[in-house]
Amino acid sequence: MPQTMDHSQHNMTGATATTQTATTTPATSTSTNTIVETAVATPSLSTLVTAVQAADLADTLSGPGPFTVFAPENEAFTRLAPGTLDTLLKPENKATLAKVLTYHVVPGKVTLEQLKAQIAAGNGTATLTTVEGSPLTVAEEGAAIVLTDTSGNKSYVAKPDLEQSNGVVHVVNGVVVPKLT
């Protein structure tokens, strides 16, 4: 029987992130769709799809990979500071948007089980190097997996192990942001 935990997190933008994270059984079969095809077909990821298209990353994330994508659901983008998403989607901010999005991508296929093993091996935390190049810290809080960005903002895995033909997607409830200098 799945257990549900409620997680609230106050991030540095002044918003509060809340989600219910269900402990689920990982998928046993791999979808024939790519990460992008699945995102396009998933209504709760439409904001992410818009951002991926604006950053011209759709072709890259449709490639052979494999990739691990921590995919923020639509509600996650509402937790950014007011106006942040609109600003990022402007053509003149394409490079910054690409940095934010590729900070949600890790080379290779890393399942929930593998994340938990890395966390255990790291005495409670694991550091992933993202495609953007910055570290992303992963830890367990109770039964939940939490991502922490370089500024200390947190995002929780809401739906793990959506296996695709070119990697795996973990749907998350927040947007993590690398240092933007």
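Quick note: numbers below take in every heavy atom, side chains included, and nothing from hydrogens, waters or symmetry partners.
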Looking at every heavy atom in both [X] and [Y], which two are closest together, and how far apart are they?
| X | Y | answer |
| --- | --- | --- |
| Lys159 | Ser44 | NZ-OG, 4.5 Å |
| Ala55 | Leu101 | CB-CD1, 3.8 Å |
| Pro72 | Ala76 | CB-CB, 3.8 Å |
| Gln114 | Lys109 | OE1-O, 3.1 Å |
| Val100 | Leu180 | CG2-CD1, 4.2 Å |
| Ala139 | Gly124 | CB-O, 3.4 Å |

Are any side-chain N or O atoms of Tyr103 and backbone N or O atoms of Ala98, one a donor and one an acceptor, separated by less than 3.5 Å? no

Is Val168 reachable from Leu45 through a run of I, L, V, M, F, W or Y residues, each pair having side-chain heavy atoms under 4.5 Å apart? no

Is there a side-chain contact between [X] and [Y], using heavy atoms and a 4.5 Å cut-off?
| X | Y | result |
| --- | --- | --- |
| Asn173 | Arg79 | yes |
| Pro107 | Val131 | yes |
| Leu115 | Leu128 | yes |

Please list, chain by chain and in numerical order, all residues satisfying side-chain contact (heavy atoms from CB on, under 4.5 Å) with Val40, sequence neighbours excluded. Val36, Val49

Output all residues satisfying side-chain contact (heavy atoms from CB on, under 4.5 Å) with Asn33, sequence neighbours left out; order by chain, then residue number. Ser31, Glu37, Thr38, Gln164

Between Thr34 and Asn166: side-chain donor-acceptor atoms closer than 3.5 Å: no

Full working for side-chain contact (heavy atoms from CB on, under 4.5 Å) between His170 and Ile145: CA-CA 10 Å; His170 304 291; Ile145 299 294; over 6 Å; no

Begin with the C-alpha distance, continue with both residues' side-chain angles, and end with the deciding distance and a verdict on side-chain contact (heavy atoms from CB on, under 4.5 Å) for Phe77 and Val175. CA-CA 6 Å; Phe77 290 95; Val175 178; 3.8 Å; yes

May I have the list of side-chain donor-acceptor pairs in residues 84-91 shorter than 3.5 Å, sequence neighbours left out?
{"from": "Thr84", "atom 1": "OG1", "to": "Ala81", "atom 2": "O", "distance (Å)": "2.8"}
{"from": "Thr87", "atom 1": "OG1", "to": "Gly83", "atom 2": "O", "distance (Å)": "2.9"}

Provide the full list of side chain to side chain donor-acceptor pair (under 3.5 Å) pairs with a residue in residues 124-135, sequence neighbours left out, each pair given once. Lys99-Glu132, Glu132-Ser134

Could you measure the distance from the CD atom of Glu92 to the CG atom of Leu97? Nearest 0.5 Å is fine. 11.5 Å

Pairs of donor and acceptor atoms involving the side chains of residues 60-70, under 3.5 Å and at least two apart or interchain, shall be tabulated with distances.
{"from": "Ser62", "atom 1": "OG", "to": "Ala58", "atom 2": "O", "distance (Å)": "2.8"}
{"from": "Thr68", "atom 1": "OG1", "to": "Gly108", "atom 2": "O", "distance (Å)": "2.7"}
{"from": "Thr68", "atom 1": "OG1", "to": "Val110", "atom 2": "N", "distance (Å)": "2.7"}

Go through the steps to decide whether Asn74 and Thr47 satisfy the test side-chain hydrogen bond (donor to acceptor under 3.5 Å, both in side chains), and finish with yes or no. CA-CA 5 Å; Asn74 293 342; Thr47 304; 3.2 Å; yes

Results of ring-ring contact (aromatic ring centres under 6.0 Å, His included) for His104 - residues two or more places apart only: none

